[in-house]
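Quick notes on the structure that follows.
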Amino acid sequence: MNTSNSIDFLYDGVRVGVLDPGGFPRKEGVISYMPYRSGSHLALHQAITAADSPECTCEIEGVAYSFVVESCLEYGRLVVRDVRSG
């Protein structure tokens, strides 16, 4: 993934990784990301494992988005739903 135009995304207000803005779904779908090696990334995956439906946030081109992470397909790929802007 080319990270020069990538977007940070957050869980509980802390950066988890970077998204490819061209692959961000506007409703639901699969997103590709490059994780940060951090406690927040671990916390996100612990919440996914516990079926807590963790909510993440990001900003793309000045628009704030939130989305719920449904599952992790594989390293660097998340299934998201309930994508909201504004």
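Residue numbers start at 1 and run along the sequence shown.
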What do the steps show when you test V80 against K27 for side-chain contact (heavy atoms from CB on, under 4.5 Å), and what is the final call? CA-CA 8 Å; V80 300; K27 293 187 179 190; over 6 Å; no
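- The six-membered or imidazole ring of Y65 lies near that of F24, with a centre-to-centre distance under 6.0 Å.
- Among pairs with a residue in residues 68-83, those fulfilling salt bridge (Lys or Arg N to Asp or Glu O under 4.0 Å) read E70-R81, E74-R77, at least two apart in sequence or across chains.
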Only pairs under 3.5 Å count here: list side-chain donor-acceptor contacts from residues 42-50, not counting sequence neighbours, and write none if there are none.
| unit_1 | atom_1 | unit_2 | atom_2 | d |
| --- | --- | --- | --- | --- |
| H45 | NE2 | Y33 | OH | 3.0 |
| H45 | NE2 | H41 | NE2 | 3.3 |
| T49 | OG1 | H45 | O | 2.9 |

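- The number of heavy-atom neighbours closer than 6.0 Å to CZ of R26, taken from other residues, nucleotides and ligands shown, is above 12.
- Shown here for V30 and P25, the closest heavy-atom pair between the two residues is O-CD, 4.4 Å.
- Transitive grouping of hydrophobic side chains (ILVMFWY, heavy atoms separated by less than 4.5 Å) brings V16 and I60 into a common cluster.
- Atom CG of L10 and atom CZ of R15 lie 8.0 Å apart (nearest 0.5 Å).
- For the residue pair I7 and C58, the shortest heavy atom distance occurs at CG2-CB, 4.1 Å.
- Summarising the geometry, atom OH belonging to Y11 is positioned 10.0 Å from atom CD belonging to E55; distances are rounded to the nearest 0.5 Å.
- Every residue was checked against the side chain to side chain donor-acceptor pair (under 3.5 Å) condition with S71, not counting sequence neighbours, and none meets it.
- D8 CG to Y36 OH: the interatomic distance, rounded to the nearest 0.5 Å, is 3.5 Å.
- Side-chain N or O atoms of S66 include none that pairs as donor or acceptor with a backbone N or O of C56 at under 3.5 Å.
- The environment of CD in E28 is sparse: at most 12 heavy-atom neighbours from other residues, nucleotides or ligands sit within 6.0 Å.
- Under the 4.5 Å side-chain heavy-atom criterion for ILVMFWY residues, a single connected hydrophobic cluster contains both V63 and I31.
- Criterion: ILVMFWY side-chain heavy atoms under 4.5 Å apart, direct or through other members. Under it, F9 and V83 are part of a common hydrophobic cluster.
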